[in-house]
Amino acid sequence: MSTMKAVRIHEYGASDVLTYENAPLPVPGEGEILVRVHATTVNPLDIAIRSGYMANYFNHSLPLILGTDVSGTVEDLGPNTNSFSLGDEVYARAGVTRDGSYAEFVLVNAADIAAKPQSLDHAHAAALPHVTLTAWQALFELGNLRKGQTVLIHGAAGGVGHIAVQLAKWRGANVIGTASQNIDLIENLGVEQAIDYSKTAFEDAVQEVDMVLDTIGGDTQERSWSTLKRGGSLVSIVEAPSEEIATNYGVRQAMVFTAPPIAETLTKVAELVNAGQIQPVVSMVLPFDDVKNAHQIVEKKHTRGKIALQVAP
Ligand SMILES: NC(=O)c1ccc[n+]([C@@H]2O[C@H](COP(=O)([O-])OP(=O)(O)OC[C@H]3O[C@@H](n4cnc5c(N)ncnc54)[C@H](OP(=O)(O)O)[C@@H]3O)[C@@H](O)[C@H]2O)c1
């Protein structure tokens with residue numbers, strides 16, 4: 001077998017550039033693992049890459065297979081990859097700078113893969129890598145969130161947000177979340193305060209928080225400064241906050257550009273999932289070839305948790 005089914009783009013554009021077709025089967029090189037993909041998910045990053053928004057940033061060559069999340073089984077091992085055996089169930093962050101996981105098979109660096117949480121099926125395990133690594137980096141590496149502190153999480157019902165809520169609670173923080181049509185989800189996740197941003201100006205309802213996690217940017221970021229206590233921090237995953245404004249408010253600011261050590265963090269996350277501390281919410285599992293529909297739904301920016309694509313049973 002030298003080909004596989006994949007969803008590729010041959011040009012940047014709207015969701016109709018997503019093409020379900022045959023693509024070459026990749027062969028693992030030094031330090032690489034070939035994973036048989038059972039499930040992947042749609043992240044806003046995939047949409048940004050598809051639309052050409054990231055063309056100068058990543059310098060991808062086309063055609064390109066999109067997709068950053070994968071849950072599946074080990075199909076083949078390149079040289080110097082001795083941490084897994086053929087058939088092991090794994091989950092990983094793939095793609096980003098090269099062909100990704102909208103495919104029957106994907107190459108993953110051995111440093112970016114971990115044993116899949118046993119308590120989850122593939123669709124739920126695939127919901128974790130990209131958003132959980134992002135939330136972890138924002139809350140713990142950049143925001144240094146500690147037990148007893150209070151964090152305001154914007155977009156708390158979305159992919160990153162719903163995991164950030166659970167990680168922050170696991171850390172022992174008090175969580176204030178914003179959402180609108182998915183507000184019931186964040187209430188169910190146990191936030192201390194749920195704010196419907198379509199009805200309430202959050203800056204009127206929140207004061208003196210230790211940290212803001214900004215998953216929205218723009219006006220939401222601007223209005224967040226006044227909710228922080230002096231010495232607090234605003235961490236954004238979408239738009240670099242102004243250093244000058246941060247200084248004026250006496251707070252720190254940071255932007256998430258990188259991930260924490262991936263295999264190590266995913267291993268820790270799997271332990272938390274297996275212990276029932278965090279659970280991904282997958283609001284839809286769509287067939288692989290329904291990827292255009294999945295992109296159109298995520299583009300509406302009201303995703304509840306995650307939307308997964310089932311590639312194999
Ligand atoms: N820097 C990085 O490394 C990194 C990593 C991951 C993601 N990101 C970026 O971070 C952003 C969020 O990612 P995601 O995967 O969480 O997106 P997502 O799942 O598409 O987020 C959807 C959620 O956003 C909420 N929302 C929409 N407008 C809002 C507003 N004004 N205030 C509060 N909540 C609002 C919606 O809640 P309601 O439906 O209830 O309104 C919905 O649940 C994207 O732009 C993505 O590209 C960056």
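Just so you know, ligand 1 is whichever comes first in the structure, and atom 1 is the first atom listed for that ligand. All heavy atoms count here, side chains included; hydrogens, waters and symmetry mates do not.
Enclosure of atom CD in E30 by more than 12 non-hydrogen atoms of other residues, nucleotides or ligands within 6.0 angstrom is indicated. A 6.0 Å sphere centred on CG of D219 holds more than 12 heavy atoms belonging to other residues, nucleotides or ligands. Surrounding OH of Y20 are more than 12 heavy atoms belonging to other residues, nucleotides or ligands, all under 6.0 Å away.
In this structure R304 satisfies the side-chain hydrogen bond (donor to acceptor under 3.5 Å, both in side chains) test together with N182, D184, sequence neighbours excluded.
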Just the distances, no angles: every ligand 1 N or O to protein N or O pair closer than 3.5 Å, one line each.
unit_1   : atom_1 : unit_2 : atom_2 : d
ligand 1 : 1 (N)  : I237   : O      : 2.8
ligand 1 : 1 (N)  : V256   : O      : 2.9
ligand 1 : 16 (O) : G159   : N      : 3.3
ligand 1 : 16 (O) : V160   : N      : 2.9
ligand 1 : 19 (O) : G159   : N      : 2.8
ligand 1 : 28 (N) : Y197   : OH     : 3.3
ligand 1 : 34 (N) : G155   : N      : 3.3
ligand 1 : 39 (O) : N182   : ND2    : 2.9
ligand 1 : 39 (O) : H302   : ND1    : 2.7
ligand 1 : 40 (O) : S180   : N      : 2.7
ligand 1 : 40 (O) : Q181   : N      : 3.3
ligand 1 : 40 (O) : N182   : N      : 2.9
ligand 1 : 41 (O) : S180   : N      : 3.4
ligand 1 : 41 (O) : S180   : OG     : 2.5
ligand 1 : 41 (O) : Y197   : OH     : 2.5
ligand 1 : 41 (O) : H302   : ND1    : 3.0
ligand 1 : 43 (O) : G158   : N      : 3.3
ligand 1 : 43 (O) : T303   : O      : 2.7

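Between H295 and Y102, the angle of the ring planes goes over 60°, which puts this pair in the perpendicular group of the 30/60° scheme.
Defined by atom type and a distance below 3.5 Å, a donor-acceptor pair is missing between the side-chain atoms of T40 and D69.
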